[in-house]
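Atom set for the values below is all heavy atoms of this structure, side chains included, hydrogens, waters and symmetry mates excluded. Numbering of residues begins at 1 and proceeds along the displayed sequence.
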Amino acid sequence: MPQYFRDSPESLVPDALAGFAAAHADLVAYNPDHGYFHTRHIAPARRVGLVSGGGSGHEPLHSGFLGTGMLDAACPGRIFASPHNRQIFEASRAVARADGVLHIVKNYTGDRINFGIAAERLAHEGIRCARVLIDDDLATDSDDIAVGRRGTGATLIVEKILGAAADEGRGLEDLVALGTDVTRRARSLAVAAAAHTTPQSGTPAFTLPDNVLEFGVGIHGERAEGTTPHAPLGKLVETMTDQLLAALPDGAGARVLALVNGLGSITSLELYGIRHAVAKALDDRGVGLDRSLTGTFVSALDMRGFSLTLFATDAEALRLWDAPARTPAWPL
C-alpha cells in the first residue's frame, strides 16, 4: 500500500503547516501558539474579518485562500477533523474588524459545534460574529440525514465572492445575506474510483471492485448510498450535470459557473477532460457556462476522484468572482 512521505504519522500535519508558512511568508503568517494562519495584507476598506477552517487533508482549502480578496484567517484541524474552538476564537479575535467577524463554516457536526462555541466566546468579549453555513452536497440532500447536506466544493465559491464583497467595505449583515444566497444557488456532487489512503495505517479507507465508482462520496471518505458502473466520462458527467441542474433553485441555472475539482490523486490531464465534458453537457442542455475553474482545490488526501459544483450566476456574483485576489493558491 502507498505510504506518505513523512517522519511519522504525528508529524505530517505540523510539518506541513510549518512548511506552508515558510513557503508563503510574504502572504501569510502562522500563529503556532493558537494554531491558525492569518493574512499579512488586508484591504483598507474591509470592515469584517472573514474566518474559515476545517480538517487538514483538504489542501489547498482553506489556508491556500488567505489574502487580499479572500480570507483573513484560516484554522486547520487535524486530518479530517474540525479545528478546536480555541483556534477559531483566537483567529477571529485577531482579525475582527470594526463590524466584527464572519465565520464561513462547512456543514459538519464538529465544525458547527466548534465554530459555535467560538462565536459564543466572541460575544462575551463584545465582538460581533455571524455565520454562513455551506451545505451544497447533493448526495446528502435527504430527510434521513439529520445534519443535512454536507459542505464541499461551494466553499471555495463562497470564500471568493464574500472576500471580494468584504474588500468593498460591506457590513456583517450584508455579507451574511450574500453568502447565504450564494450557498443556496450552488450544488456539488463527487465520485471516486478509489478511496483515500489513511495516514495512520497506509491502507485505503474503503475498497471498491474494479470498474465501479462510489457515486456521491464525501470529502472525508464517507461512503455514498450506492455505486455505479464506471461509465464513459461523457455519460458520467451528463448524469452528474442533470442531477445538479435539477437541484438548483427554481428559475436558476440558465447560466452557471462550474468548478471541476480534483479530490487528490486524479491527474490534470483527466481534470481538463472532465471540464471539456462538462461544457459539452451544459451546451447540449442550453445552459450557458459563464465561468469555470479547473484544478485541485478541495482535496480528500489522495482520493482518486473528482467533484463537480454548479453555481447559478448573476451579474453581481460574476463581478465579485472576477475581482482580483492574491493568495497562495488562487489561480486567477
Side-chain angles (χ1 to χ4, degrees), residues 1-6 8-10 12-13 16 54-61 76-82 106-112 134-155 187-233 235-237 239-240 243-244 247 259-268 270-271 273-274 295-309:
M1 294 296 176
Q3 296 291 330
Y4 288 89
F5 293 99
R6 77 286 175 90
S8 70
E10 295 73 27
L12 181 58
V13 170
S56 297
H58 300 307
E59 291 74 23
L61 202 74
R78 297 180 181 181
I79 290 176
F80 292 176
S82 168
K106 300 189 302 300
N107 188 29
Y108 297 96
T109 301
D111 289 359
R112 291 177 66 160
I134 315 300
D135 60 350
D136 58 307
D137 179 38
L138 184 59
T140 45
D141 193 354
S142 169
D143 293 337
D144 296 332
I145 299 173
V147 73
R149 293 186 299 267
R150 298 177 292 223
T152 59
T155 309
R187 290 292 181 271
S188 299
L189 190 59
V191 298
H196 67 274
T197 306
T198 304
Q200 290 287 345
S201 65
T203 59
F206 58 83
T207 58
L208 288 170
D210 292 341
N211 298 315
V212 169
L213 295 177
E214 195 79 3
F215 192 90
V217 70
I219 60 172
H220 303 116
E222 302 98 333
R223 299 299 299 268
E225 286 191 358
T227 59
T228 187
H230 201 316
L233 177 61
K235 181 62 177 176
L236 174 64
V237 168
T239 300
M240 296 173 72
Q243 292 190 14
L244 291 168
L259 172 64
V260 178
N261 172 64
L263 292 176
S265 67
I266 192 169
T267 64
S268 293
E270 293 164 285
L271 284 172
I274 295 164
T296 296
F297 302 103
V298 186
S299 64
L301 290 173
D302 62 342
M303 186 180 289
R304 179 150 185 77
F306 70 93
S307 66
L308 175 59
T309 302

Visitor: Is a side-chain donor-acceptor pair under 3.5 Å present for Asp137 with Ser188?
Guide: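 No.
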Visitor: Within a 6.0 Å radius of atom CZ on Arg223, are there more than 12 heavy atoms belonging to other residues, nucleotides or ligands?
Guide: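 Enclosed: over 12 neighbouring heavy atoms sit under 6.0 Å from CZ of Arg223.
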Visitor: Give the intermediate values and the outcome of side-chain contact (heavy atoms from CB on, under 4.5 Å) for residues Leu259 and Leu308.
Guide: CA-CA 6 Å; Leu259 172 64; Leu308 175 59; over 6 Å; no
Visitor: Run the salt-bridge test on Glu270 and Arg304 with the 4.0 Å N-O cut-off and return the result as yes or no.
Guide: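 A salt bridge is present here (some side-chain N lies under 4.0 Å from a carboxylate O).
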Visitor: Any donor-acceptor pair under 3.5 Å linking the side chain of Ser265 with the backbone of Asp302?
Guide: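 Yes, Ser265 side chain to Asp302 backbone: donor-acceptor pair under 3.5 Å.
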Visitor: Working to the nearest 0.5 angstrom, can you tell me the gap between Phe306 CZ and Leu263 CG?
Guide: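 That separation rounds to 9.0 Å.
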Visitor: With rounding to the nearest 0.5 angstrom, report the CD1 to OG1 distance, Ile266 to Thr296.
Guide: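 Reported value, rounded in 0.5 Å steps: 8.0 Å.
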Visitor: Does the structure place the NZ or CZ of Arg150 under 6.0 Å from the centre of the six-membered ring of Tyr108, at an angle of no more than 45° from the ring's axis?
Guide: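 No, Arg150 and Tyr108 do not form such a contact.
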Visitor: What distance separates Met240 CE from Phe215 CZ, expressed to the nearest 0.5 Å?
Guide: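 These two atoms lie 6.0 Å from each other.
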Visitor: Under 3.5 Å, is there a donor-acceptor pair between the side chain of Glu214 and the main chain of Thr227?
Guide: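 Absent.
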Visitor: In sequence, state the C-alpha distance, the side-chain angles, and the governing distance for Thr109 and Asp111, and then conclude on side-chain contact (heavy atoms from CB on, under 4.5 Å).
Guide: CA-CA 6 Å; Thr109 301; Asp111 289 359; over 6 Å; no
Visitor: Between Val217 and Ala192, what is the shortest heavy-atom contact and its length?
Guide: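 The answer is CG1-CB, 3.9 Å.
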Visitor: Rounded to the nearest 0.5 Å, what separation is found between the OG1 atom of Thr152 and the CG atom of Asp135?
Guide: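 The CG atom of Asp135 is 9.5 Å from OG1 of Thr152, to the nearest 0.5 Å.
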Visitor: For the residue pair Leu213 and Leu208, what are the closest heavy atoms and their distance?
Guide: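 That closest heavy-atom pairing would be C-CD1, 4.3 Å.
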Visitor: Before you tell me yes or no, could you show the steps for Val298 and Thr155 under side-chain contact (heavy atoms from CB on, under 4.5 Å), namely the whole-Å CA-CA distance, both residues' side-chain angles and the distance that decides it to 0.1 Å?
Guide: CA-CA 9 Å; Val298 186; Thr155 309; 5.6 Å; no
Visitor: For the pair Asn261 (side chain) and Phe297 (backbone), establish whether a donor and an acceptor sit closer than 3.5 Å, ignoring hydrogens and angles.
Guide: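 Side chain of Asn261 to backbone of Phe297, a donor-acceptor pair under 3.5 Å: yes, one is there.
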Visitor: Considering non-hydrogen atoms only, spot the tightest contact between Ser56 and Glu59 and give its length.
Guide: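 Shortest heavy-atom contact: CA-OE2, 3.5 Å.
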Visitor: Minimum heavy-atom separation for Gly216 to Leu189, with atom names?
Guide: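 Looks like CA-CD1, 4.1 Å.
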Visitor: Could you measure the distance from the CG atom of Leu301 to the OG1 atom of Thr197? Nearest 0.5 Å is fine.
Guide: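 OG1 of Thr197 is found 8.0 Å from CG of Leu301.
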Visitor: Grab the two heavy atoms, one from Pro199 and one from Leu12, that are nearest each other, plus how far apart they are.
Guide: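 Taking every non-hydrogen atom into account, CB-CD2, 4.2 Å.
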Visitor: What's the spacing between Leu236 CG and Thr228 OG1 if we round to 0.5 Å?
Guide: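 So the CG of Leu236 and the OG1 of Thr228 are separated by 7.5 Å.
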Visitor: Quick one about Asn107 and Arg149 (side-chain donor to acceptor, distance below 3.5 Å, no hydrogens or angles considered), yes or no?
Guide: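 The answer is no; no qualifying pair exists.
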Visitor: Whether the His220 and His58 side chains hold a donor-acceptor pair (N or O, under 3.5 Å, no angle test) is what I'd like checked.
Guide: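 There is such a pair (donor and acceptor under 3.5 Å, judged by atom type) between the side chains of His220 and His58.
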Visitor: For Thr203 and Thr198, indicate whether the former's side chain and the latter's backbone hold a donor-acceptor pair under 3.5 Å.
Guide: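 Absent.
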Visitor: Keeping the roles fixed (side chain from Thr239, backbone from Lys235), state whether a donor-acceptor pair exists under 3.5 Å.
Guide: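 Present.
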